[in-house]
Amino acid sequence: MENDQIVATQMGGGAHDLSMVGLFVQADIVVQIVMIVLVLASFWSWAIIIDKIIRYRRVSADADEFENEFWSGGNLEDLYRRVGTSPDNPLAMLFSAAMKEWSRSTEKGLGKHTHTGLQARIHQVMRVTIDREVERLEKYLGFLATVGSTATFLGLFGTVWGIMNSFQSIAATKDTSLAVVAPGIAEALFATALGLVAAIPAVIAYNKFSNDLQRIITRLEGFAGEFSAILSRQLDLSD
């Protein structure tokens, strides 16, 4: 009975509005929910994408600036004072954490028996700092991965539901004309399109940011190894 009323309303209402807003308004409540979820996921994905583009570019630029200053041959203690204890760049943070541990351990002097322990502590501090900075940089990447892998299936669910409504209209009216099946099919295809619109940018962005993050990790680990070697030579010279 409900389907008969829906069909009668549709047939009596003349031409259907096939604009995006019209398709949403005329869609079944289940399809509407699917569309809303996909639109919200798309907006949130783009917010993350824009934020990550800005953040990763800034990290790269700040790292270049810090490395130029680090390898300029200046005094490390002076550089540490300029950088401070809470810099905003992962590379500078790595340097600051290592220098903080170095300063604490060398305030009262060093003996030969303390060298190995100090090197181990500095290595551990840098490892923890790398893990913490990487965790901060990869925040929300999991959401992009989730959207990229599920949005198409959610859109497909909306598609199947819309086509089921079209079949119900055919069964209720015993009419296979386009006037009966077109609205449901249009809603279904619109849900599919929204799923693709949400999924494609999320997948592309996730792959790009994963590669960018891996390059940052490699850069941090390389700097940690070089800085450990510098501090090790300083310990040998202090004997």
Side-chain angles (χ1 to χ4, degrees), residues 1-59 134-214:
M1 184 65 181
E2 184 179 355
N3 286 333
D4 292 340
Q5 293 175 347
I6 293 174
V7 173
T9 301
Q10 291 176 344
M11 294 179 65
H16 289 276
D17 183 3
L18 297 182
S19 66
M20 290 187 291
V21 175
L23 290 175
F24 173 78
V25 172
Q26 298 166 14
D28 181 85
I29 183 62
V30 175
V31 181
Q32 285 181 339
I33 293 173
V34 169
M35 291 179 180
I36 291 172
V37 170
L38 290 173
V39 169
L40 291 177
S42 182
F43 274 119
W44 185 238
S45 294
W46 277 107
I48 294 172
I49 290 169
I50 293 171
D51 175 73
K52 292 300 180 185
I53 289 174
I54 296 172
R55 183 181 299 273
Y56 283 13
R57 285 181 178 177
R58 187 172 67 243
V59 166
V134 169
E135 182 179 0
R136 184 168 63 90
L137 289 172
E138 70 180 2
K139 189 177 182 180
Y140 299 125
L141 288 186
F143 180 82
L144 292 180
T146 300
V147 171
S149 61
T150 62
T152 52
F153 293 104
L154 189 58
L156 182 61
F157 171 76
T159 300
V160 172
W161 195 272
I163 292 175
M164 287 171 57
N165 287 336
S166 296
F167 286 151
Q168 289 174 354
S169 299
I170 293 173
T173 62
K174 297 180 174 57
D175 185 359
T176 59
S177 66
L178 284 177
V180 174
V181 300
I185 293 176
E187 296 162 11
L189 295 177
F190 186 43
T192 302
L194 287 177
L196 293 174
V197 166
I200 292 174
V203 170
I204 295 174
Y206 176 78
N207 290 334
K208 179 188 183 305
F209 294 142
S210 294
N211 291 332
D212 291 345
L213 182 60
Q214 187 56 52

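Residue numbers run from 1 in the order of the sequence given. All values derive from a computational prediction rather than experimental measurement.
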Within-4.5 Å side-chain heavy-atom neighbours: V31 and F190: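 A side-chain contact is absent here, since even the closest heavy-atom pair is not under 4.5 Å.
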Working to the nearest 0.5 Å, report the span between CG of L137 and OH of Y56. 5.5 Å
Between L141 and L144, is any pair of side-chain heavy atoms under 4.5 Å apart? yes
With rounding to the nearest 0.5 Å, note down the distance linking CG in L38 to OG1 in T152. 9.5 Å
Going by side-chain contact (heavy atoms from CB on, under 4.5 Å), K52 matches just one of I49, I48, I54. Which one? I48
I want to check something: taking the side chain as every heavy atom from C-beta on, are Y206 and V147 in contact at a cut-off of under 4.5 Å? no
In Å, rounded to the nearest 0.5 Å, how long is the span from CG of L154 to CZ of F157? 8.0 Å
Which atom pair, heavy atoms only, marks the closest approach of W46 to P201? CZ2-CB, 3.8 Å
I'd like to check N211 versus K208 (side-chain heavy atoms, cut-off strictly below 4.5 Å). Are they in contact? no
To the nearest 0.5 Å, tell me how far R55 CZ sits from I50 CD1. 13.5 Å
Taking OH in Y140 as the centre, count heavy atoms belonging to other residues, nucleotides or ligands within less than 6.0 Å. Is the count above 12? no
Tell me if a side-chain donor or acceptor on D51 pairs with a main-chain N or O of A47 at a distance below 3.5 Å.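 No, D51 side chain to A47 backbone: no donor-acceptor pair under 3.5 Å.
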Please report the closest heavy-atom contact between G148 and A202, naming both atoms and the distance.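 So the two residues come closest at N-CB, 3.8 Å.
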To the nearest 0.5 Å, what is the distance between CH2 on W161 and CG on L156?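 If I round to the nearest 0.5 Å, the distance is 14.0 Å.
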Mind checking the OG-CD1 spacing from S42 to I200? Nearest 0.5 Å is all I need. 10.5 Å
Near R57 CZ, under 6.0 Å, is it more than 12 heavy atoms from other residues, nucleotides or ligands? no
